[in-house]
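To find a chain, count down the sequence lines: A is the first, B the second, and so on, and within it residues start at 1.
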Number of protein chains: 2
Amino acid sequence: MTDTKIEIIAAAVKCFRLNESATLEKIAQEAGVSRRTLHRYFKDRQELLDSCKNEMLDRCNKAMTEAYERDNDPIKKVRNMLFAAIEQGANYSFVKRIYERSSFAEVDRNKEFESDNVKSKWLTIIKNLQQEGRINAELTLPWIFNLFGSIIETSIYAFESGDIARNDSKKFAWTSFKGAIGLKE
Amino acid sequence: MTDTKIEIIAAAVKCFRLNESATLEKIAQEAGVSRRTLHRYFKDRQELLDSCKNEMLDRCNKAMTEAYERDNDPIKKVRNMLFAAIEQGANYSFVKRIYERSSFAEVDRNKEFESDNVKSKWLTIIKNLQQEGRINAELTLPWIFNLFGSIIETSIYAFESGDIARNDSKKFAWTSFKGAIGLKE
DNA sequence: TAATTATGTCACTTATTTGAGACATATTGC
DNA sequence: GCAATATGTCTCAAATAAGTGACATAATTA
C-alpha cells in the first residue's frame with residue numbers, strides 16, 4: 001500500500017471516530033492531500049469506510065493476538081491484551097464502534113471471524129479464571145467484556161485529553177480493571 | 001413546553017447520540033412529526049441542538065443533585081449518583097458527549113456552572129474518601145472521574161443492548177466501580 | 001358551532017457534499 | 001533528460017439536506 005493511501009486511511013479513521021459523517025473534504029485535508037487524490041484511491045465514501053474497517057480490524061487483531069501469545073500466564077495474557085489495545089489508540093476506538101454501532105454496516109465476514117477468534121481466546125481466559133474463583137462470581141461474561149472495552153477507551157481518552165500521562169494511563173487501566181472484576185493475582 | 005416539542009427533543013437526543021449529523025428528516029420521523037413541524041418549533045439545527053443540551057443538562061443535574069441529597073453517607077451519595085446517571089440513559093450519554101467533544105460547541109455558561117457544582121460535589125466526596133485512605137491512593141482524581149462516567153455508559157449500553165437486565169446492569173456498575181477504585185465500604 | 005391552534009402536504013430555493021473529467025505540475029526511476 | 005506515475009487545480013453535474021411560503025386538514029376549546 002502506498003504511503004498516501006495509508007495516510008488517507010489514518011486520517012479517515014481519526015475523523016470517522018469523532019464523526020462518522022465527516023466530509024471527504026475534511027478527511028483529505030487531515031491527510032494533507034486534495035479531495036481529488038482521495039477519490040483516486042477510493043471510489044467513494046463506502047470504499048474508504050470499508051478499507052478503514054479492514055485495515056484497523058487487521059491491526060487490532062494482530063496486536064492483540066501478538067500480545068496474547070507473548071506470555072503463558074493467563075493473567076499476563078489479559079494484561080498484555082489490554083495494553084496492546086490501549087496502544088492502538090484511535091485504531092481501537094474505531095474498531096470498537098464498528099462492533100457496537102449498526103450504522104457502521106456489518107463487518108466483513110472473514111475479518112469478523114478472525115476477530116471473534118481473538119475475542120474467544122480472551123473470553124476463554126476470563127471464563128477459566130472465573131471458574132477458578134479468581135474473578136468475582138457475581139459478574140457475567142458479557143459485562144466483563146464490555147467493561148474491558150470501556151476501560152481501554154477511558155485510558156485512551158485520558159491520555160489523549162492530556163489529563164494523564166501515557167504510562168499512568170495504562171497502569172491505571174490495569175489496576176482499575178483488576179479491581180473492577182475482583183481479580184486475585 | 002408542549003408535548004410535541006418534548007417529543008422532538010427526545011427524538012433528537014436519541015439520534016444525535018448515535019450520530020451528531022443526523023438529518024432533521026430522520027429526527028422528525030423518529031419524533032413522529034413532519035419536518036415542517038420540527039421547523040416550526042426550532043428555527044434551525046443549531047436551535048434544536050441548543051435546546052437538547054439545555055434540557056438534558058437540566059435533567060441530569062436535577063437527577064444527580066437529588067440523588068446526592070437523598071442520603072448523608074458519602075459512599076451512598078456516590079452510589080445514588082451513579083444509579084441516577086444510569087437511569088437517565090440516553091440523556092446522560094448525550095450530556096457526556098457535550099462535555100468530551102468540542103464539536104458540540106461550548107455549553108451554555110450558566111448550565112455549565114450548575115453542572116460544575118454537581119461535579120464539584122462529587123469530586124469533593126471522592127477526594128475526601130481518598131484522603132481517608134478508603135480509595136486506592138495510586139489513582140488520580142481525573143482518572144476516577146473519567147472511569148465513573150465510562151462505567152455509567154457501559155451500564156447503559158449493557159442494558160440497552162439486551163446483554164444484561166436493568167437491575168443487574170446497575171448492580172454490576174456499582175460493584176465494578178467500587179472494585180476499580182479499591183473502595184472500602 | 002365557530003374560531004383558534006397545531007400539524008401536514010406540496011413546492012420551491014439555496015447550500016453543501018459528492019463524484020468525475022480535463023489538464024497542469026511535480027516527483028520518481030531509469 | 002525522458003517516460004511513467006502521482007498529485008493538484010479548476011470545473012461542472014448530480015444528489016442530498018436545509019429552510020420557507022402557501023394552503024389544507026385535524027384537533028382543541030371558547
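- If one axis is set at each end of the helix from C/dT1-D/dA30 to C/dC30-D/dG1 from five pairs, those axes are 30° apart, to 10°.
- The CG atom of B/Leu38 sits 13 Å away from the C1' atom of D/dA17 (whole-angstrom rounding).
- Computed from coordinates, the B/Arg35 CZ to C/dA11 C1' distance equals 12 Å when rounded to whole Å.
- Atom-to-atom, CZ of B/Phe42 to P of D/dA18 comes out at 15 Å; the value is rounded to the nearest Å.
- Checked for salt-bridge contact, B/Glu160 and B/Arg17 meet the test: a charged N lies under 4.0 Å from a carboxylate O.
- Taking the charged nitrogens against the carboxylate oxygens, A/Glu138 and B/Lys178 have no contact shorter than 4.0 Å, which rules out a salt bridge.
- Of the N and O atoms on the side chains of B/Ser176 and A/Trp143, at least one donor lies less than 3.5 Å from an acceptor on the other residue.
- Spacing between atom OH of B/Tyr41 and atom P of C/dA6 amounts to 6 Å, rounded to whole angstrom units.
- For the pair A/Lys170 and A/Phe83, the distance from NZ or CZ to the six-membered ring centre is under 6.0 Å and the angle to the ring normal is within 45 degrees.
- Protein atom NE2 of B/His39 is 14 Å distant from nucleotide atom C1' of C/dC12, rounded to whole Å.
- One can place CG of B/Leu24 at 14 Å from C1' of C/dT16, the figure rounded to the nearest angstrom.
- The aromatic rings of A/Trp122 and A/Phe148 are tilted relative to each other, their planes meeting at an angle between 30° and 60°.
- In this structure a side-chain-to-backbone donor-acceptor pair under 3.5 Å is missing from B/Thr37 to B/Val33.
- For A/Ile27 and C/dT16, the CD1 to C1' distance is 15 Å, given to the nearest whole Å.
- Scanning atom types as modelled, one donor and one acceptor separated by under 3.5 angstrom connect the side chain of A/Arg36 and the base of C/dG21.
- Hydrophobic cluster membership is shared by A/Leu139 and B/Leu82, with clusters built from Ile, Leu, Val, Met, Phe, Trp and Tyr side chains linked at under 4.5 angstrom.
- Taking for each of A/Asp44 and B/Val33 the nucleotide of DNA chain C with the nearest heavy atom, the 5'-most of the two is the partner of B/Val33.
- Across all strands, B/Thr23 comes closer than 4.0 Å only to sugar-phosphate atoms, never to a base (heavy-atom distances).
- In this structure, B/Arg40 does not reach the C/dA6 phosphate: none of its side-chain N or O atoms is under 4.0 Å from OP1 or OP2.
- Distance, B/Glu47 CD to D/dG19 P: 11 Å, rounded to whole Å.
- Taking side-chain N and O atoms only, A/Thr37 has a distance below 4.0 Å to OP1 or OP2 of D/dG8.
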